[in-house]
Amino acid sequence: MNKQKPQQSHIQITVRFVEKKNGKKALFDARKILRSLNHLTHDDRLIRRINALVLAQIAGYSQIDTATIRQLIISTLNLLEHPELAKRYSEYRPSATKQDQFKQLSFFNF
């Protein structure tokens, strides 16, 4: 009987908590990274690639802060030769109004 090998692209994420700018901890939700990338670009292939590379870099952490995640995304965009997207992502500052919260690139603001 043949058994399929597990997909090599599967990454075991051990991050449990994210420390926000205000020092509070929140549960880590990898989907927030995807949502922020979807606001940045609509290129599905690029989104999947960036997401996989960022998750691979943070896979061994049990806690990480949002500034580190943001920097990893920016560095990954530059590494993949998308400096214009990296600049847009680094310059983005979320609006304080509730009305615009769904448009935020910052993925850990609640």
Side-chain angles (χ1 to χ4, degrees):
M1 180 177 205
N2 292 331
K3 290 187 179 180
Q4 266 187 320
K5 290 183 180 179
Q7 290 182 346
Q8 291 183 352
S9 63
H10 178 72
I11 300 169
Q12 182 64 35
I13 303 298
T14 58
V15 177
R16 299 285 181 237
F17 298 101
V18 174
E19 186 174 336
K20 300 190 318 185
K21 288 180 185 179
N22 61 8
K24 292 183 179 181
K25 291 181 185 175
L27 291 176
F28 177 75
D29 184 358
R31 293 173 299 188
K32 291 183 180 182
I33 295 173
L34 280 174
R35 282 195 299 265
S36 75
L37 292 172
N38 276 313
H39 286 292
L40 186 65
T41 181
H42 296 296
D43 182 345
D44 289 337
R45 188 183 64 74
L46 180 61
I47 290 170
R48 285 192 309 270
R49 193 168 182 200
I50 295 166
N51 188 55
L53 290 169
V54 169
L55 290 178
Q57 292 177 76
I58 65 173
Y61 291 89
S62 61
Q63 180 177 322
I64 194 164
D65 61 278
T66 56
T68 301
I69 294 172
R70 282 183 67 84
Q71 190 55 48
L72 286 172
I73 292 171
I74 293 165
S75 299
T76 303
L77 285 164
N78 282 318
L79 179 72
L80 296 176
E81 299 180 359
H82 290 282
E84 69 288 347
L85 291 177
K87 185 177 184 209
R88 277 184 40 211
Y89 193 87
S90 68
E91 291 174 347
Y92 182 79
R93 295 295 175 254
S95 172
T97 64
K98 284 245 186 218
Q99 187 178 20
D100 293 332
Q101 276 186 330
F102 71 96
K103 296 179 184 176
Q104 292 181 6
L105 289 181
S106 181
F107 38 83
F108 291 102
N109 289 345
F110 293 117

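Keep in mind that what you see is a predicted model, and the values were worked out from it rather than measured. Computation of the quantities below employed the complete heavy-atom set of this structure, encompassing side-chain atoms and omitting hydrogens, waters and symmetry-equivalent molecules.
Taking every heavy atom of both residues into account, N51 and A30 meet most closely at OD1-O, 4.5 Å. Taking each heavy atom of K20 and A26 in turn, the nearest pair found is CD-CB, 4.4 Å.
Rounding to the nearest 0.5 angstrom, the gap separating the CD atom in Q57 from the CD1 atom in I64 is 9.0 Å. For the atom pair CZ of F28 and CD1 of I69, the computed distance is 5.5 Å after rounding to the nearest 0.5 Å. Taken to the nearest 0.5 Å, the CG atom of D43 stands 10.5 Å off from the CG atom of N38. Taking CZ of R35 as the reference point, atom CD1 of I47 lies at 13.0 Å (rounded to 0.5 Å). Separation of atoms CD (Q71) and OG1 (T76) is listed at 9.5 Å; rounding is to 0.5 Å. Residue K21 holds its NZ atom at 10.5 Å from CG of D65, rounded to the nearest 0.5 Å.
I50 places none of its side-chain heavy atoms less than 4.5 Å from the side chain of T41.
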Only pairs under 3.5 Å count here: list side-chain donor-acceptor contacts from residues 79-87, not counting sequence neighbours, and write none if there are none.
none

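Applying the side chain to side chain donor-acceptor pair (under 3.5 Å) test to Q63 and every residue at least two apart in sequence or in another chain returns E19, K25. Partners of R31 according to the salt bridge (Lys or Arg N to Asp or Glu O under 4.0 Å) rule, which considers only residues two or more places apart in sequence or in another chain, are D29.
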